[in-house]
Amino acid sequence: MKVTNERLDHIIDVRIALETLACRRAIEQGRIGPQERRELDGAIRGLRKAAADNDAYAFGLADTAFHRTLCGFARNPVTGFLWESLARQLTIIFGLATLGKSMKAIVAEHTMLRDVFLSGDVAATEAAVREHIFDQAHDIDIETVIAKRRSASTPTTKVSAKRRNRK
């Protein structure tokens, strides 16, 4: 998958539409009770653990799990299927986002999202989801981050290739 700022913008457009729809439907159906709180709290614990371990990949997976959980409350298989089609790309993007914003700040955003969602206020939830997704995506220039990561890994790759050639 080629990750570019333009592709990120396209993913964000779809993701905002899917997640705000899922949250609206879940709230309208009353899925904002103790069970939903437990599930979201579990996802936040995963974020906190990955942050404590300073593990960007695990953090990306935990971030994806939080949003998968949130979308799952709508119990709409079509929305879920469409969201899952973005999940792999989102994990990569979430992991890269930790290079532009502290993990602690991202955990705080998810805690706030949980609280707004559980309040049952549809408009506030949609605004919070929209802001969270938009801000997270635009906190970094993804193309620059990827270029820096690739250039940083090039010497290691060359050394590994030389080792393989000697064997």
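- Tracing side-chain contacts under 4.5 Å through hydrophobic residues (I, L, V, M, F, W, Y), one reaches L86 starting from I16; they form part of the same cluster.
- Closest approach of L118 and I32 over heavy atoms only: CD2-O, 3.6 Å.
- Across every non-hydrogen atom of M103 and A50, the tightest pair is SD-O, 4.1 Å.
- Linking Ile, Leu, Val, Met, Phe, Trp and Tyr whenever their side-chain heavy atoms come within less than 4.5 Å puts I11 and I133 in one cluster.
- Annotation: the span from F81 atom CZ to N76 atom CG amounts to 12.5 Å, rounded to 0.5 Å.
- Among all heavy-atom pairs drawn from L82 and S85, the shortest one is O-OG, 2.5 Å.
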Legend entry - Full working for salt bridge (charged side-chain N to carboxylate O under 4.0 Å, His left out) between R114 and E36: CA-CA 9 Å; R114 178 206 59 203; E36 290 79 17; over 6 Å; no
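- One distance of note links CD of E109 with CD1 of I44; it measures 11.5 Å at 0.5 Å rounding.
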Inset, instruction - Apply side-chain contact (heavy atoms from CB on, under 4.5 Å) to E19 and R24, showing your working. - result: CA-CA 8 Å; E19 291 195 29; R24 182 176 345 114; over 6 Å; no
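- Atom CZ of R15 and atom CG of D13 lie 12.0 Å apart (nearest 0.5 Å).
- Counted within 6.0 Å of CD on E28, heavy atoms from surrounding residues, nucleotides or ligands total more than 12; the atom is thus considered enclosed.
- Relative orientation of the F66 and H110 rings is perpendicular, given thresholds of 30° and 60° on the angle between their planes.
- Heavy-atom minimum distance, A128 versus M112: CB-SD, 4.1 Å.
- Considering only heavy atoms from C-beta on, W83 stays 4.5 Å or farther from L70 through its side chain.
- From L47, atom CG reaches atom CZ of F59 across 4.5 Å, with rounding to the nearest 0.5 Å.
- Grouping the Ile, Leu, Val, Met, Phe, Trp and Tyr side chains by contacts below 4.5 angstrom, directly or via other members, places F117 with V122.
- Side-chain contact between H10 and V14: absent, with no pair of heavy atoms (C-beta onward) separated by less than 4.5 Å.
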Inset, instruction - Check the pair E84 / T64 against side-chain contact (heavy atoms from CB on, under 4.5 Å), numbers first and verdict last. - result: CA-CA 10 Å; E84 285 299 331; T64 302; over 6 Å; no
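- Of the inter-residue distances, the one linking L40 atom CG with Q35 atom CD reads 10.0 Å to the nearest 0.5 angstrom.
- A salt bridge between R45 and D41 is absent, with no side-chain N of the basic residue lying under 4.0 Å from a carboxylate O of the acidic one.
- Contacts of A124 classified as side-chain contact (heavy atoms from CB on, under 4.5 Å), with partners at least two apart in sequence or in another chain: V116, D121.
- One finds the CG atom of L18 at 11.0 Å from the SG atom of C23 (value rounded to the nearest 0.5 Å).
- Put simply, the side chain of T125 reaches to within 4.5 Å of the side chain of I27, judged on heavy atoms.
- Residues satisfying the salt bridge (charged side-chain N to carboxylate O under 4.0 Å, His left out) test with R37, not counting sequence neighbours, are none.
- In this structure K104 satisfies the salt bridge (charged side-chain N to carboxylate O under 4.0 Å, His left out) test with no other residue, sequence neighbours excluded.
- Smallest separation of non-hydrogen atoms from A74 and A26: N-CB, 3.9 Å.
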